[in-house]
2 protein chains.
Amino acid sequence: MAQNSGQGITIYDVAKKANVSISTVSRVFNNSPLVSSKTRKKVQKVIDEMGFVPSSIARSLVSASSKTIGLIVSDITNPFFADTIDGIESVLHSEGFSVFLCDTRYNREREANYINQMLEKRVDGIIIFSADISGIELLTGIKNELPIVSIQSAFKEVDCVNTTDEEGAYEAVDFLIKSGHRKIAFLVYDYDNSTITNRMKGYLRAHDDEGIPVNDDYIIKMKFNPNAGYYMAKELLESHPEVTAIFAYNDMIAIGAYMAIYQKGLKIPDDISVVGYDDIEMASIISPGITTVSQPFYEMGRTAAELLLKRIKEEDRSIPQTILLPTRLTVRGSTRTLTP
Amino acid sequence: MAQNSGQGITIYDVAKKANVSISTVSRVFNNSPLVSSKTRKKVQKVIDEMGFVPSSIARSLVSASSKTIGLIVSDITNPFFADTIDGIESVLHSEGFSVFLCDTRYNREREANYINQMLEKRVDGIIIFSADISGIELLTGIKNELPIVSIQSAFKEVDCVNTTDEEGAYEAVDFLIKSGHRKIAFLVYDYDNSTITNRMKGYLRAHDDEGIPVNDDYIIKMKFNPNAGYYMAKELLESHPEVTAIFAYNDMIAIGAYMAIYQKGLKIPDDISVVGYDDIEMASIISPGITTVSQPFYEMGRTAAELLLKRIKEEDRSIPQTILLPTRLTVRGSTRTLTP
DNA sequence: GTGAAAGCGCTAACAC
DNA sequence: GTGTTAGCGCTTTCAC
C-alpha cells in the first residue's frame, strides 16, 4: 500500500527521488516503450512508494482533452438508466474516459447549469438521455463544436440511439391477440412525443393486421402522475369491465393497474391479463411477474458511447445518424391464453 | 446567444479583442472589484460575443483545487439516493463546487477504480453513501489527506451522517401497538449491520415498553433478494395467520408483503396492517399507500455536504463526528386501529 | 485600476 | 534511452 494518496506529489518529486528526469517519469506511467526496463522498474518503485497519482488536470491542460464525457439524464432513479449508464461506462472506461453524470430531474435550469459546467470542464462530448426534449434544445447551441449523442429521443440534428417502439408495442399487442384477447385496453400518458406516438401506432397496427376493430373507449389517457396507472385502470374497470387485457405504456402504469385490479377483487391473469413496457426491476418482483417489453438498455448505452467516441476521435461532423435497437417481449405470469 | 460554446477560446483571445491584459479579463469573470465598471462592461461584451467559457482545468491547475467533490453511491436507482444527491448539490453548487457522481453497483472493483479516478481528478473531498462498508475500507487509505463524509453507515474513522434507526423502528411499532395490535411480525434481511441491529432494537424495545411479549416466530429473516418480502410474508401468513400487523424492514419488503397478502385473498388494512421504512416513491403509488418511516434524505445530503465543506475550508482534521437526523412516521392507508 | 511575469503539473517535440 | 525545454490557460503577486 502506498503511504498516501499522492495528493501534492508531482513528477518532480518522483524524478528527484528516482534520479531521473521528469520526462522519464512521465514515460513510465504512460507506458511509453521508450524506457529501459531497468529504469522503468526503478521509477515505478518510487511511484509506488510515494503513492504518486498523476494529475488529470495537468494532463488535460497540455493534451487539450479532458478525457471526460458529460452524461445528462432526466432522472437517475429511473431504474433502466442504470443499465444504460453501465453500458456507456463499459466502453468509455476501456478507452480511458470518465463520465461526468448529471441528473436534471426534468428541471431546465439545472440542465442549463450542468451544460455550463460541462463546457467549463471541457468535456470531449455529451450523451443525453432525457425523457423530454428540452436538454437537446439547449445543446443545439453547441452541437457544432462538441459531439452529442441522444438516447431515446428522435432528434434529427444530432446522433441518436433509439429502440423500435412501434415494433415493441406491436409485438406485445399481437401476443395478446394471438392469445385470444379481443378487448384490449391501452393505458397511456396524455402527451405528444415520438415514443408515445410510436407505441400507439404499434397498438393500432396489431389490431389492424389481425382484422380486429379498435374500440376508442379502450384507449385511456392521462397526464403524467405517479399514480396514473391506478386511476386509469380504475376508470377502465368501472366503465368497461368486459376488457380482458390491458397493455400499459410502461411498467409503472402496469403496477398501478395491478393495484386497481386487486382492489376490485379480480385476479391476474385469471380475470384480466396485463402487459407492461420497459422491464424495470419491479416487473419481476411484483407478483405475478409482469409480461413486458424489454429494452436493450445496456446495448443502448454501449452503442451511444461507441458512436460518440467515433465522433470524438475522427473529428467527424458529417450527417447525424440514428441507430435503432430492437426490443424483446418477456413473457411472465401476468398474461394468459383465452380459451373461448 | 453566444456565437459558440467557447471551446478553444482563451483569455488571450478575449484580451486582444478587448484591448486589455489577460489579468483584466480574469478579473472580470472572477467578479473582482478591482476593475472599473467601464472596463468591465467592455470586456464582458467581448466575452459574450465570443462565447468565452473559462477553462476549469486551467483554473484548477493554478488554484490547486478542483472545486469538485466525489460522490460514491452503491446504487443510484435506489429511489431515495436522488433526494440525498439533491441535498448535496444544493449546498455544493451555491459554493461553486461540482459533483463527480459514481455508481459502484455494489462492485468493489468499480469502487476502487472510481476512487482512483477521483484521486486523479484531485477532488477536494469525498462523500460516500454506500449500503455496504467496503468503499469505506478503501477510503481509509486516503482519509488522512482528503476529507471524507459517510452517509448512513456508522464508521468511527470518518465523519458520518446517520438517521435514528432505533427510534424510527420504535415509533413505527409503538404506533401499531397503540393501535391495538399485539401480534406484530418483523420482516428483515438476514445480515449483521448497524441499521438492521438498530431497527431490531426499536422493534423489541417498543414491545418491552408496553409490556408485550415478543414472539420470536414473528421475526422472519431472509438473505437479500429482490423478492424477499414476498417470500417472508408468504411463509408468515401460512405459519402464523393470527398475526394482525407486519413491520417491514423497508418499503421494498412491504411491497413484496402486499403481493403475498393479496394472493392469499386478504385485504390491507382490513385483515392485516403493514408498515414499511424509507418512504420510497412507490410507497405512495401502491394502493393502499404504505404507512412508513420517512427519512430526511434531502437533509442528510445537505448535512453531509456542509460537513465536508467545513472540513475542506478549515483544513480541519480533528476528531470525526457523527450527526444523527430524526425520522418521521408517515401514516397512510395500510394500517388500521384494531377494536377488540 | 491595470499590466507584466512567474508558475501550477504535466506532455511532447527536440537534442544528445 | 534519457534529458531539456517550451508551452497548455489560467491566477496571482508585484510594479506602475
Side-chain angles (χ1 to χ4, degrees), chain A residues 4-44 46-47 50-68 96 117 119-124, chain B residues 4-44 46-47 50-68 96 117 119-124:
Chain A
N4 58 49
S5 62
Q7 307 291 108
I9 297 172
T10 73
I11 44 172
Y12 285 95
D13 303 320
V14 176
K16 201 186 208 174
K17 195 160 174 198
N19 249 305
V20 293
S21 73
I22 57 165
S23 326
T24 301
V25 178
S26 172
R27 287 184 187 111
V28 167
F29 67 75
N30 280 299
N31 292 315
S32 158
L34 306 164
V35 201
S36 74
S37 71
K38 194 180 150 206
T39 310
R40 155 162 285 119
K41 211 165 281 176
K42 179 176 67 177
V43 173
Q44 189 62 54
V46 175
I47 287 178
M50 304 184 84
F52 168 73
V53 178
S55 161
S56 71
I57 293 170
R59 304 176 87 166
S60 295
L61 187 59
V62 29
S63 65
S65 156
S66 62
K67 284 282 212 172
T68 299
Q117 282 186 35
L119 256 22
E120 287 183 350
K121 283 182 188 299
R122 299 293 193 262
V123 296
D124 298 319
Chain B
N4 58 49
S5 62
Q7 307 292 108
I9 297 172
T10 73
I11 43 172
Y12 285 96
D13 303 319
V14 177
K16 201 190 214 169
K17 198 161 173 200
N19 249 304
V20 294
S21 73
I22 58 165
S23 325
T24 301
V25 178
S26 172
R27 288 183 187 112
V28 167
F29 66 76
N30 281 298
N31 291 315
S32 159
L34 306 164
V35 202
S36 73
S37 70
K38 196 181 148 202
T39 311
R40 157 161 286 121
K41 211 164 284 176
K42 179 176 67 176
V43 173
Q44 188 61 55
V46 176
I47 288 177
M50 303 184 85
F52 168 73
V53 178
S55 161
S56 71
I57 293 170
R59 305 177 85 168
S60 296
L61 186 59
V62 30
S63 66
S65 157
S66 62
K67 283 283 213 173
T68 300
Q117 281 186 36
L119 256 22
E120 286 184 348
K121 284 182 187 298
R122 298 294 193 261
V123 296
D124 298 318

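By convention in this document, chain letters (A, B, ...) are assigned in the order of the sequence lines, proteins followed by strands, and residues within each chain are numbered from 1.
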Closest-nucleotide 5' rank along DNA chain C - winner of B:Pro33 and A:Ser63: B:Pro33
A:Ser36 vs D:dT2: side-chain N/O to OP1/OP2 distance below 4.0 Å: yes
Atom of A:Ile57, atom of B:Arg122 and distance for their closest heavy-atom approach: CD1-CB, 3.9 Å
Atom of A:Val123, atom of A:Ser66 and distance for their closest heavy-atom approach: CA-OG, 3.4 Å
Student check: side-chain heavy atoms of A:Val35 and A:Gln44 closer than 4.5 Å: no
Gap between atoms CG and P, on B:Asn31 and D:dT11 respectively (whole Å): 12 Å
B:Ser23 vs A:Ser26, nearer the 5' end of DNA chain C by closest nucleotide: B:Ser23
Whole-Å distance separating the OH atom of A:Tyr12 from the C1' atom of D:dG3: 12 Å
Length of the line joining B:Ile57:CD1 and D:dC8:P, which is rounded to integer Å: 15 Å
Length of the CD1-C1' vector between B:Ile11 and D:dT12, whole Å: 11 Å
Integer-rounded Å distance: C:dT11 C1' and A:Leu34 CG: 13 Å
A:Ile22 CD1 to C:dC14 C1', straight-line distance once rounded to whole Å: 14 Å
Touch class at under 4.0 angstrom, heavy-atom based, for B:Thr39 against every strand present: sugar-phosphate
Any A:Ser55 side-chain N or O less than 4.0 Å from OP1/OP2 of C:dG9: no
side-chain contact (heavy atoms from CB on, under 4.5 Å) assessment of B:Arg59 paired with B:Asn30: CA-CA 11 Å; B:Arg59 305 177 85 168; B:Asn30 281 298; 2.5 Å; yes
Proximal nucleotide (of C:dG9, D:dC10, C:dT2) relative to the A:Leu61 side chain: C:dG9
Distance, rounded to the nearest Å, where A:Ile47 contributes CD1 and C:dC10 contributes C1': 13 Å
B:Leu61 side, atom CG; A:Ser60 side, atom OG - distance, nearest 0.5 Å: 10.0 Å
Nearest-Å distance for atom pair CZ/C1', residues A:Arg122 and C:dC10: 18 Å
base_contact_polar (C:dG3 base, B:Arg27 side chain, donor-acceptor, <3.5 Å): yes
